[in-house]
Amino acid sequence: MKSSLRYNPQEIEKKWREKWAADHIYEVREDDSRPKFYALTMFPYTSGDLHIGHWYAMAPSDVHARFKRMQGYNVLHPMGFDAFGLPAENTAISHGIHPYIWTMENIENMRRQLKSIGAIYDWNREVISCLPEYYKWTQWFFLKLYQAGLAYRGEAPVNWCPRCQTVLANEQVIGEGFCERCGAAVTKRDLEQWFFRITKYADELLDHSRIDWPERIEIMQKNWIGKSTGAEIAFGLEHKGVDAKEMRVFTTRADTIFGVTFFVLAPEHPLVPQLTTPEHKAEVEEYIFQTQRQTEFERTAVEKEKGGVFLGSYVINKLNGELVPIWIADYVLPGYGTGAVMGVPAHDQRDFEFAKKFELPIRVVIAPPDWAGEELESAYTESGTMVNSGQFDGLSSEQGVEAVCDYLQAKGWGKRAITYRLRDWLISRQRYWGAPIPIVYCDKCGIVPVPEKDLPVLLPPDAEFKPTGESPLKYCESFVNTTCPQCSSPARRETDTMDTFMCSSWYFLRYTSPEVDNNAFDDGKLKYWMPVDLYTGGAEHATMHLLYARFFVKAIRDMGLVDFDEPFVRLFNQGTIVYRGEKMSKSKGNVVTPDEYVAELGADAVRAYIMFIGPWEQGGEWSDSGIVGMSRWLNRVWNLVMADYSSKEIDPKVERELSRVTHKTIRKVTGDMERFRFNTMLAALMEFTNYLGWLWEEGVVSVLAWREAITNLLLLLAPTAPHLAEELWARVGHPYSIHNQSWPKWDEELTKEEEVTLVVQVNGKLRDKVTVPVSITEAEAKELALSRERVKAYVGDKEIGRILYVPRRLVNIVVG
RNA sequence: GCCGAAGUGGCGGAAUGGUAGACGCGGCAGUCUCAAAAACUGUUGAGGGGCAACCUUCGUGUCGGUUCGAGUCCGACCUUCGGCACCA
């Protein structure tokens, strides 16, 4: 089977891409006559080059989007660039290239690479987050959040990356206390910063019932938000020089309140200096100094031995009137709960270790089963029966929590409370390359938001890039000096810029109408397209981008700007592509660039190969030799379609078989497309071509039947190998374009077999196979099985017990 | 420590509780060629037997269990990878 013209991907891919662009066939507009489908892939950061990892995110999602398109959906599948961020500025510092120049050159290159994929991106809808026409609206949203009371300025101990020279949000500190971006160890600093009140939406963010997301991501978000239900309990305070008459703790175990033998504050707690008695002052100050020197990771390392010091003062446990010594210890975190805990060593492992080390009493108040008053070897943290707890003795832990809470509430000594691990989102960055925060500081008026009509607050092009730990904008006088929008007196601009996750929290809205310049988006178009039906991208964004974007949408929904609750109805996370056993990265020097493979084997081969590696959600290892196999297969498809088919003697049985194979293939490919099982989809198409190759040699079906099979093959191949399919579609004489055709449908009737291979087992072991018509009855099948020579040999003269029959599958003879 | 995912040929992987290893890579043999590459065809889990077509035993991380029958279900464990981790 040789054809005179060889498959030449370089030539045909260029030709069709140009024609598709010239004909605008992938441009999308709102159309009420078809169901819409918004298929979004996370937009890439403008790092400079697209590697195979990017293709792994983009090519399969394009294949799926093309599939939906052929199924009759009006598909929006846009692309853009996440263009603000630290690498651009770091390059400016190290190489003297302006971030804008660097970024726009990178975009130029990446756009070229993206186009080589052959995707259905409508480039009229491209968004670039670092351009004023985009970040004007990022700033506008900031003002909206500010007006809604969701953006505020506050002082807090914040994460500081010494290498990036900026603060980071909690979500951007990963693993054992490292910067998400550069990997440096993060430290804490007390700074006044801008925050978004994401904690206001903590409960709603815990609710994933309205979205179809991988369970694993939902769990990660739930863990991150970390909701704890318990009580806030007041301990009495009588200390000269301290006005407060009580201090509160948060606990999930109100039932253990009678077991409190000490009280621990975070070293940062504001009352610590006043509660320290003179004779403990030196020791306390030394301990606080040591605590502050530690990184977050060192401080929270689980293995670390408990440390702490006594302040010399006491609180009163109001339930039993006991005096309880106040300590400070670094295992108590300033940002969680009230920054104070009650020490119940008998029923909390940390408190237990602390008490052992400092020889504090350990009092059992929850009796373990079969407890006879002996000392505990470790904390008993399970439920049990309350003992040594006054009027609460005899209650179970569960009853005890309720009873103690009721009692506290009645006495006014406490209340039921909920605490979250989630912190407010810290969004200010001491860097240049981001959207300026649209705020002005006036000596008379204080914090003044920039009026909407004055947006955008433009980044000055002439700032100096030095890693000083402060925003370069701070030293740019033309930027800083302004007048107060309220009173017109001289004022200073905010010089911090916004976290780039702010830009990516709304870009999916902008794709619906990127052309509008008097609003962030067009209401009608937004209503048509949103929410996103399918969002695909990496799982590493679980507690960052994906959480922020959900918060953002809920916040603007409450402002009445949108009318949906969730931005992304369905989420799918593709796996990671690795090379030489490691995730691709420039620093490891194992980046595989798609360009050379595209140049040599064609984009279609690269698209198909990365989908063939394995299930999309699992990722896999890139293999140079593997892709050759894919290229070979596409060549075989070419040769098969291009070869002249002539029929010899027609065999009706084979014609029926061809129809059956075709319809089964359509069914398999359709199902696999829907489930993102592209690897098995391709295997099915390969099997189909292998079968057609055999059939071509045989020549026992009519020319018409042959052509129909080829037509279906091309349609099924079109999403995966759009260029090749288009070329062959034209060459076999079909009208342009294959990408405007309908997805083939299968007829279930035609997939039914005429004959099946029955497996014959004796005691569950395969002993024989026999081909039978599907119409065979159970009795006939059993009789046939028993009559087989091979079966007789295994049965011998043993007694025959049950005979199991699974229609169309097997007969299993059980012998004694 | 807790939560989640995964362990199948030389490799990537496939298998509604019913023929384990589809499909592909690699290997081997062959066709073509002066030769090589490319392409194409055949073959390829391991062990044992047979001149042969074939026959046979073992085999899906480990150990148990359920079942006529387990890669698949249940229990316990081991390993790898991801996430969280002094959160009161």
Side-chain angles (χ1 to χ4, degrees), chain A residues 1-2 6 174-176 214-224 226-228 230-231 249-253 256 264 266 297 299-306 329-333 335-344 347-351 353-354 419-423 539-540 542-543 575-576 578 608-609 612-615 617-630 632-633 635-636 639 677 679-690 693 757-769 790 801-806 808-815:
Chain A
M1 194 191 306
K2 281 264 154 40
R6 269 185 60 87
I174 55 162
E176 299 166 338
E215 195 193 359
R216 164 175 93 95
I217 302 292
E218 293 182 8
I219 290 169
M220 281 163 75
Q221 293 200 340
K222 285 196 167 91
N223 288 343
W224 186 258
K227 180 177 183 171
S228 292
V249 296
F250 174 77
T251 181
T252 55
R253 292 296 302 272
T256 65
V264 196
F297 171 56
R299 173 163 176 176
T300 58
V302 184
E303 313 81 40
K304 199 184 68 170
E305 201 185 319
K306 301 271 169 291
D330 61 8
Y331 79 86
V332 178
L333 305 173
Y336 186 80
T338 59
V341 291
M342 57 187 211
V344 186
H347 307 293
D348 181 287
Q349 191 55 32
R350 292 155 302 174
D351 296 346
E353 286 163 25
F354 193 82
T419 296
Y420 300 91
R421 210 187 75 102
L422 181 72
R423 302 267 72 86
E540 67 274 16
T543 55
T576 310
V578 299
Y609 175 63
F612 190 62
I613 291 173
E617 68 269 30
Q618 276 174 32
E621 171 91 20
W622 171 266
S623 150
D624 292 324
S625 55
I627 191 172
V628 176
M630 189 53 66
R632 279 206 279 260
W633 174 60
N635 264 292
R636 281 210 303 279
N639 291 334
R677 298 307 289 259
N679 56 329
T680 49
M681 172 201 78
L682 280 157
L685 286 176
M686 287 173 180
E687 282 185 78
F688 191 40
T689 46
N690 290 347
T757 303
L758 274 189
V759 167
V760 184
Q761 296 180 336
V762 178
N763 282 347
K765 285 196 191 258
L766 172 73
R767 294 306 180 194
D768 201 3
K769 295 177 203 176
R790 292 184 39 77
R802 278 204 281 163
I803 302 177
L804 289 110
Y805 175 65
V806 180
R808 305 157 62 85
R809 287 264 176 209
L810 63 75
V811 178
N812 185 11
I813 300 159
V814 185
V815 298

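Given the structure is predicted, the values throughout are model-derived calculations rather than measurements. Letters A, B, ... are given to chains in the order of the sequence lines, protein chains preceding strands, and every chain is numbered from 1.
When side chains are defined from C-beta on, A/Met630 counts as touching A/Met686, because their heavy atoms get closer than 4.5 Å. Within the 4.5 Å cutoff, side-chain heavy atoms of A/Ile627 are placed close to those of A/Trp622. In this structure the side chain of A/Ile803 never reaches within 4.5 angstrom of the side chain of A/Val814, judged on heavy atoms. Side-chain contact between A/Arg677 and A/Asn679 is present, with heavy atoms from C-beta onward closer than 4.5 Å. The side-chain heavy atoms of A/Thr256 and A/Met342, taken from C-beta on, include a pair separated by under 4.5 Å. Counting only heavy atoms from C-beta outward, the side chains of A/Leu682 and A/Tyr609 never approach each other to under 4.5 Å.
Rounded to a whole Å, the CD atom of A/Gln618 is 15 Å from the P atom of B/G82. In this entry the distance linking NE2 of A/His347 with C1' of B/A88 reads 15 Å, nearest Å. Atom OH in A/Tyr331 sits about 19 Å away from atom P in B/A85, given to the nearest Å. B/C87 atom P lies 12 Å from atom CZ of A/Phe250, rounded to whole Å. Atom-to-atom, CD of A/Glu218 to P of B/C3 comes out at 18 Å; the value is rounded to the nearest Å. Put simply, CD1 on A/Ile219 is 15 Å from P on B/A85, counting in whole angstrom units. Protein atom CZ of A/Arg216 is 7 Å distant from nucleotide atom C1' of B/G82, rounded to whole Å. Atom CG in A/Asp624 sits about 14 Å away from atom C1' in B/C11, given to the nearest Å.
Along RNA chain B, the nucleotide nearest A/Gly339 and the nucleotide nearest A/Lys769 are compared for position; the residue whose nucleotide lies closer to the 5' end is A/Lys769. Positionally, the nearest nucleotide of RNA chain B for A/Tyr609 lies more toward the 5' end than for the other of A/Arg350 and A/Tyr609.
Going from the C1' atom of B/G48 to that of B/G42 covers 25 Å, rounded to whole Å. Taking atom P on both nucleotides, B/A6 is separated from B/G61 by 13 Å, rounded to a whole Å. Across the C1' atoms, B/G69 and B/U19 are found 13 Å apart, a figure rounded to whole Å. Of the P atoms belonging to B/U44 and B/C55, the separation is 14 Å, rounded to the nearest Å. The same atom, P, is picked in B/G47 and in B/C81; the two are 31 Å apart, to the nearest Å. Of the P atoms belonging to B/G13 and B/C25, the separation is 16 Å, rounded to the nearest Å. If you take atom C1' in B/C68 and the same atom in B/A22, they sit 27 Å apart, rounded to whole Å. Rounded to the nearest Å, the gap between the P atom of B/G1 and that of B/G71 is 32 Å.
In terms of phosphate contacts, A/Arg802 brings a side-chain nitrogen or oxygen within less than 4.0 Å of OP1 or OP2 of B/C68. Proximity of A/Arg421 to the phosphate of B/C84: no side-chain N or O atom is located under 4.0 Å from OP1 or OP2.
Rounded to the nearest 0.5 Å, atoms CD (A/Glu540) and OG1 (A/Thr576) are 7.0 Å apart. Annotation: the span from A/Leu422 atom CG to A/Asn223 atom CG amounts to 12.5 Å, rounded to 0.5 Å. Rounding to the nearest 0.5 Å gives a distance of 12.0 Å between CZ of A/Arg350 and CZ of A/Phe354. To the nearest 0.5 Å, the span separating CZ on A/Arg809 from CG on A/Leu804 amounts to 15.0 Å. Note that the CD atom of A/Gln221 and the OG1 atom of A/Thr543 stand 7.5 Å from one another [nearest 0.5 Å].
Residue A/Val806 is classed as a base contact, given a heavy-atom separation below 4.0 Å to a base. In this structure, A/Arg423 reaches neither bases nor backbone, as no heavy-atom distance under 4.0 Å exists between it and the strands shown. Residue-level contact check: A/Ile613 touches the backbone only, with heavy atoms under 4.0 Å from sugar-phosphate atoms and none from bases. As judged by a 4.0 angstrom heavy-atom cut-off over every strand, A/Leu810 is placed among the base-contacting residues.
For B/G83, the glycosidic angle deviates from 0 by more than 90°, giving an anti base.
Within the shown strands, B/C68 is the pairing partner of B/G18 under the Watson-Crick or G-U definition, both distances less than 3.5 Å. Pairing of B/U31, defined by two Watson-Crick or G-U wobble distances under 3.5 Å, is identified with B/A39. Under the Watson-Crick or G-U wobble criterion, with both distances below 3.5 Å, B/A5 is paired with B/U80. The partner of B/G12, taking Watson-Crick or G-U wobble pairs whose two distances both stay under 3.5 Å, is B/C23. Base pairing of B/G59: no nucleotide in any strand meets the Watson-Crick or G-U wobble criterion (both distances under 3.5 Å). Figure legend. B/A88 is base-paired to no nucleotide; pairs are counted as Watson-Crick or G-U wobble with both atom distances under 3.5 Å.
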Please list, pair by pair, any protein nitrogen or oxygen found under 3.5 Å from a nitrogen or oxygen in nucleotides 56-60 of chain B.
from: B/U56; atom 1: OP1; to: A/Arg790; atom 2: NH2; distance (Å): 3.3
from: B/U56; atom 1: OP1; to: A/Tyr794; atom 2: OH; distance (Å): 2.5

#### Entry: Step-by-step side-chain contact (heavy atoms from CB on, under 4.5 Å) determination, A/Val344 to A/Arg253
CA-CA 9 Å; A/Val344 186; A/Arg253 292 296 302 272; over 6 Å; no
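Checked by distance alone, A/Asn223 brings no side-chain donor or acceptor within 3.5 Å of a matching partner on the base of B/C84.
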## Note on the structure
Per-nt protein contacts along nucleotides 20-26 of chain B (heavy atom under 4.0 Å; B base, S backbone sugar-phosphate only, - none) come out as --BBSSS
